[in-house]
Amino acid sequence: MSKSVKFDEIKKKFLDMEFSNLNFPQRDAVFHVDGNLLVLAGAGSGKTTVIINRIYNMIVYGNLYNSEDVDCDAKSCKLLSEGLKNGKKLSEFSDIVKLHPISPENILAITFTNKASKEIKDRLNKRLGDVSNKIWASTFHSMCSKILRNYAELVGYTNDFTIYDSDDQKRLIKECEKILNIEEKVFPVKSCISAISSAKDEFMSAFDFKVKHENNFRMSKIADIYALYEEKMKKSDAMDFDDLIFNTVKIFRENKKILNLYKKKFKYIMVDEYQDTSKSQHELIKLLSGSKGNLCVVGDDDQSIYKFRGANVENILDFDKYFKDVKVVRLEQNYRSTKNILDAANSVIQNNSARKSKKLWTESAAGDKIHLHVAYSEHDEAGVISSEILKRVEEGRKYSDFAILYRAGSQSGVIEKFLVKNNIPYRMVGNVRFFDRKEVKDLIAYLSVINNPRDEVRLKRVINRPNRSIGERTMQSISKTAEKTGKTFYEIIQSASNYPDLQRASAKVLSFSSIIDPLIEENNNGMKLSDLYKSLIDISGYVEFIRSSEDNFNERMENIKELGNFIAKFEEEKRENASLSSFLEEISLISDSSVSNEDEEKGFVTLMTVHASKGLEFPVIFLPGFEEGVFPGQQCLYDENEIEEERRLAYVAITRAKEELFILNATSRMTFGSTSHNKPSRFISEIPEKLITVTKSREWKKIPVGQRIPESSQDIKVKSVVSARSFGMGGINPLVSRKKSDKVYVLGDIVDHAIFGHGVVTSIFDIGNESLLEINFDKSGKKRIPSSRL
DNA sequence: TGAGCATAGTTTTTT
DNA sequence: ACTATGCTCA
């Protein structure tokens, strides 16, 4: 049979038809299956759609579109032509056309968050059914942890190692500093962690680190901490998040056989959000894929906003340096925002130098101009946001259409206050995560100790909660004895009465092991996880402990129950595989911001940091605090690289908006207890003027008491708006002032002023914490005076 | 060992 | 301004 051009044509037509909901570049990416591929996916360009369709295409057709070795005879071709006309899919002709399906087991799809990986799994499951479950869709960390569960022994751990989160890590570093007599003030835990973390990112062991920084006092001290930290981690059979990557790479480098096993398995690799990968993650991918593999990375260098935690933009910028024969696809058509919003985003990001050239375009209409509002304070800013939301809700928008995105978490407080006042329902994303709550962590620590009694950090966390009168002293002598005898911390506790040093404390200490031991026993005997949890709560006395020692008892109790629910849910899903260790494994990598994320749909305005908003979209976006010193932040102002990162952040913020975008700044703002007057953010001036309408709050504050307020503002373009104060404040009559403390003024009140004397209140304005009263004084006429000054 | 005061530090955050 | 954390004293 000779190669027929006709068939090639038909085949392409079929596939183009089946994927006709994708634009050309998107289809390019989907059909390019073999070889390396870099997809530069601009904001809102349908990135996830491409990923899903690409995997679907791989599993159903494989590299069919671009393959040249498929053929069929004339008769079959005719059949196909008819099928094409009747709108059939090529997969329905698998008897006459040899498809090139790729086994799902050979596909690895890596994402950054569990949320993203769940989304991919769900969407693939919808399209492909259970076949999709054979795809490895996971995060870097869960993939590594899965691998390490087989080979951790090669790097000095058991395969049941515990995973330490950043809180555990912090505790351990603190302990190390104490032991080494290093002052926390001079070596802040945070900076030690980040130094160690970046050392691991570059595969530097504590020893290498020490050698490299031999002549640097500071760094060599950190090397000592690093060394001790590592020693203790191994003793506790625990790895931190960086270790998961580090050790996997180590094993792959040192054991070609194991590496080849996985190379063979993962013939096709996809990595999402590649701009966020760190050096070590990049290395891991290089090892798995080799330079000539079938690697597809998707990302957007303009949305790289995680440098501070190790993301390395060069990974994507220099992708074609590291991998051979790279095909580059640019997804530049934006399906999310109006043209004005997109133009604004484009013109801001254009000011960055280190980027792949890329320009988003859209077929959408221009839409509203971008609203720029100049407020006079952060309170006013929050008030304006509230009133704009209320106005639009009256016009028919849902609360869930709005999101307020801020640079720093500290900005949320004032905004929340105003939303509450105005009865606007809101939800905050990424606040205190469920698994970060104290009581949840405590109970998980208990479970961890039951699972792995060598886990010292978590043991120490709970040994004295509830109070067993085990203090610093006792702990130290246990540590010493452990060191002397070569036994583990927990073993010493179990046999405390055997050691003279521990005679006095032995009863207290044994009261702890008498709780843990039977639970270990029961767990080994195969007790159900949920029952284990129940008996833990029963015999640990934990509930009584928080009832007497902590506030918000009810809320904490709720969380304890919620953890119980979570365990029950886990059991239901995993059935016979619901072991304690598998549970701990799962939650150590899932720290989802909320357990119940089902309240998403309606009814809530969303508040979050710009970072947290990446990947999301909303019809109306508010961006408060566009000021020099806030956004871009203070510490970025004098470093061009940092500014570029901030600009990318601004780009992310702007591109979240679908229809309306509000940028706000305040001419004065309280920061760290004192008032600052920030200039408008440079990012505002980077947006072409013609795309913006400016509104401005009237500036009561700047006008000296007793002077007239200009009726119209100086700038013709600037129209004066009435801000929050004229809107209902949570049912309180807006014309009644709400003072922080004592007196509440109403219209017509008679006042006595120390200087101006007798007068009548003629107007009241809310200015955040207090009210501004307009008073007609008998002798000196109308003046505006803050209520606190009366 | 716990309660109460002083002090310092306040960007972003997933795993 | 506010809060979390450390240190002192009982």
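Keep in mind it's a predicted model, so treat the numbers as computed, not measured. The sequence lines fix the lettering, A, B, ..., with proteins before strands; numbering per chain opens at 1. Hydrogens, waters and symmetry mates play no part in the numbers below; they use all other heavy atoms, side chains included.
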Just call it for A:S674: base, sugar-phosphate, or nothing, with non-hydrogen atoms closer than 4.0 Å on any strand. nothing
Write down the distance separating the C1' atoms in C:dT3 and B:dT14, rounded off to the nearest Å. 25 Å
Under 4.0 Å between a side-chain nitrogen and a carboxylate oxygen: does that hold for A:D240 and A:K200? yes
How is A:G413 classified with respect to the nucleic acid when contacts are heavy atoms under 4.0 Å: base, sugar-phosphate, or nothing? nothing
Of the options B:dT15, B:dT10, B:dT13, whose atoms approach the side-chain atoms of A:F241 most closely? B:dT15
Phosphate contact (B:dT14 OP1 or OP2) by A:N114 side-chain N/O below 4.0 Å: no
May I have the distance from A:H141 (atom NE2) to B:dT13 (atom C1'), rounded to whole angstrom? 11 Å
Roughly, in whole Å, what's the span from CD in A:Q411 to C1' in B:dT10? 13 Å
What nucleic acid atoms does A:F308 come within less than 4.0 Å of, heavy atoms only: base, sugar-phosphate, or nothing? base
Looking at C:dA4, I'd like to know if its phosphate oxygens (OP1 or OP2) sit under 4.0 Å from a side-chain N or O belonging to A:K170. no
Would you mind classifying the nucleic acid contact of A:Q281 as base, sugar-phosphate or nothing, using non-hydrogen atoms under 4.0 angstrom? nothing
Scan A:I470 against the nucleic acid and name what it touches under 4.0 Å (heavy atoms): base, sugar-phosphate only, or nothing. sugar-phosphate
Do the charged groups of A:K614 and A:D276 touch, with an N to O distance under 4.0 Å? yes
Rounded to whole Å, NZ of A:K190 lies from P of B:dT11 at a distance of 7 Å
Do A:K178 and A:E184 meet the salt-bridge criterion of a basic N to acidic O distance under 4.0 Å? no
Of the nucleotides C:dG6, B:dT15, B:dT11, which has the atom closest to the A:C636 side chain? B:dT11
Please state the P separation for the pair B:dT11 and C:dA4 - nearest whole angstrom. 14 Å
Mind calculating the distance between CD (A:Q635) and C1' (B:dT12) to the nearest angstrom? 10 Å
Compare the minimum distances between each of B:dT11, B:dT13, B:dT15 and the side chain of A:R407, then state the nucleotide with the smallest one. B:dT11
A:A612 has its side chain closest, among B:dT13, C:dA1, B:dT11, to B:dT13
A:E184, nearest nucleotide to its side chain (from C:dG6, C:dA1, B:dT11): C:dG6
In whole Å, I'd like the distance from the CD atom of A:Q634 to the C1' atom of B:dG9. 15 Å
Residue whose closest nucleotide on DNA chain B lies nearer the 5' end, A:F112 versus A:L649: A:L649
Side-chain contact, heavy-atom cut-off 4.5 Å: A:L447 with A:L580? yes
Round to a whole Å and report the spacing from CD of A:E273 to P of B:dT14. 13 Å
Taking the six-membered ring for Trp, are A:F241 and A:F140 ring centroids under 6.0 Å apart? no
According to a strict under-4.0 Å criterion, is A:T609 in side-chain N/O contact with OP1 or OP2 of B:dT13? yes
Answer with base, sugar-phosphate or nothing: what part of the nucleic acid does A:K307 contact at a heavy-atom distance below 4.0 Å? nothing
Side chain of A:S469 (C-beta onward), nearest among B:dT14, B:dT1, B:dT12: B:dT1
Measure the distance from CZ on A:R669 to P on B:dT11 and round it to the nearest whole Å. 14 Å
Under 6.0 Å between ring centres, would you say that holds for A:Y406 and A:H611? no
Under 4.0 angstrom, heavy atoms only, what part of the nucleic acid is A:N467 near: base, sugar-phosphate, or nothing? sugar-phosphate
Looking at A:N464, I'd like to know whether one of its side-chain N or O atoms comes within less than 4.0 Å of OP1 or OP2 on B:dT1. no
For the side chain of A:E646, starting at C-beta, report the closest nucleotide among B:dT11, B:dT14, B:dT15. B:dT11
Could you check how far CD of A:E586 sits from P of B:dT15, rounded to whole Å? 12 Å
A:Y229/A:Y226 aromatic ring centres below 6.0 Å: no
